[in-house]
Amino acid sequence: MLFANRMDQAVSVLDDVRIVKYGTTNHSDDSQMRIFFKTKALNATKTMVELHRDQKMTVKLEDGRTGSVLLAHSSLDSEGNAVGVLRMLGDLS
């Protein structure tokens with residue numbers, strides 16, 4: 001799930017999530033992880049996630065890990081699903 005700051009309700013429920021950690025030195029230590037996602041509805045509430053891409057959000061995974069993220073990219077695939085990338089700000093804990 002994806003939460004905007006100061007909101008108790010999830011702004012997006014991510015259906016498919018892949019976590020990628022870059023092993024190169026081209027990225028700073030606090031920006032080496034990306035979360036690739038796919039969801040049927042990026043906006044689960046009246047809050048439009050795309051309008052908050054420059055604000056820190058919180059991602060909470062099924063296994064209990066959480067972390068701060070920024071929306072780096074979002075678009076639609078050929079089936080009408082929202083797909084995109086969240087840039088991790090630090091590690092998952």
Side-chain angles (χ1 to χ4, degrees):
M1 290 193 222
L2 186 63
F3 293 85
N5 284 343
R6 298 181 217 102
M7 290 189 72
D8 295 332
Q9 187 178 6
V11 294
S12 184
V13 178
L14 308 174
D15 299 326
D16 183 24
V17 172
R18 287 182 295 141
I19 301 170
V20 175
K21 182 165 184 167
Y22 295 108
T24 66
T25 58
N26 293 346
H27 302 86
S28 63
D29 288 340
D30 63 342
S31 182
Q32 289 188 344
M33 291 178 69
R34 301 289 188 271
I35 297 178
F36 295 86
F37 67 86
K38 179 178 179 180
T39 182
K40 294 180 187 199
L42 183 59
N43 303 310
T45 62
K46 293 183 180 184
T47 302
M48 293 191 65
V49 175
E50 297 91 347
L51 298 177
H52 298 276
R53 72 173 52 241
D54 60 338
Q55 297 175 7
K56 267 199 296 188
M57 293 184 260
T58 302
V59 65
K60 293 185 180 180
L61 303 177
E62 285 181 346
D63 61 4
R65 295 183 292 171
T66 63
S68 296
V69 296
L70 290 176
L71 180 63
H73 173 75
S74 67
S75 63
L76 294 174
D77 67 4
S78 62
E79 298 170 349
N81 296 310
V83 293
V85 179
L86 299 171
R87 183 168 53 97
M88 290 295 305
L89 302 173
D91 286 329
L92 290 168
S93 57

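Owing to the predicted nature of the structure, the values given are computational and were not obtained by experimental measurement.
Here the closest heavy-atom approach between residue Leu89 and residue Lys56 is recorded as CD1-CG, 3.4 Å. Minimum interatomic distance between Met88 and Ile35 (heavy atoms only, all atoms of both residues): SD-CD1, 3.6 Å. The minimum heavy-atom distance linking His52 with Met48 is given by the pair CD2-O, 3.1 Å.
Shown here are the side chain to side chain contact (heavy atoms under 4.5 Å, CB included) partners of Asp54, two or more places apart in sequence or in another chain: there are none. Remark: Glu79 pairs with Lys38, Asp77, Asn81 by the side chain to side chain contact (heavy atoms under 4.5 Å, CB included) rule, at least two apart or across chains.
Within the model, atoms CZ of Arg6 and OG1 of Thr58 stand 11.0 Å from one another, a figure rounded to the nearest 0.5 Å. Taking CD from Glu62 and NZ from Lys60, the interatomic distance works out to 14.0 Å, rounded to the nearest 0.5 Å. Atoms CZ and OG1, from Phe3 and Thr47 in turn, are 12.0 Å apart once rounded to the nearest 0.5 Å. Taken from OG1 in Thr66 to CE in Met1, the straight-line distance is 13.0 Å, to the nearest 0.5 Å. If you take OG on Ser68 and CD on Gln55, they are separated by 13.0 Å, rounding to the nearest 0.5 Å.
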Side chain to side chain contact (heavy atoms under 4.5 Å, CB included) between Arg87 and Val85, worked out: CA-CA 6 Å; Arg87 183 168 53 97; Val85 179; 5.7 Å; no

Criterion side chain to side chain contact (heavy atoms under 4.5 Å, CB included) on Leu92 and Ile19, from CA distance to verdict: CA-CA 10 Å; Leu92 290 168; Ile19 301 170; 3.7 Å; yes

Side chain to side chain contact (heavy atoms under 4.5 Å, CB included) between Leu71 and Met57, intermediate numbers included: CA-CA 8 Å; Leu71 180 63; Met57 293 184 260; 4.0 Å; yes

Under 3.5 Å, side-chain donor or acceptor atoms of residues 10-18 against the rest of the protein: list the pairs with distances, not counting sequence neighbours.
| from | atom 1 | to | atom 2 | distance (Å) |
| --- | --- | --- | --- | --- |
| Ser12 | OG | Leu42 | O | 2.8 |
| Asp15 | OD2 | Lys40 | N | 2.9 |

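The side-chain heavy atoms of Ser74 and Val83, taken from C-beta on, include no pair separated by under 4.5 Å. Leu2 places a side-chain heavy atom less than 4.5 Å from the side chain of Leu86.
A continuous path of ILVMFWY side-chain contacts below 4.5 Å connects Met33 to Leu61, so both sit in one hydrophobic cluster.
With a 6.0 Å radius and a threshold of 12 heavy atoms from other residues, nucleotides or ligands, Asp63 has its CG atom above the threshold.
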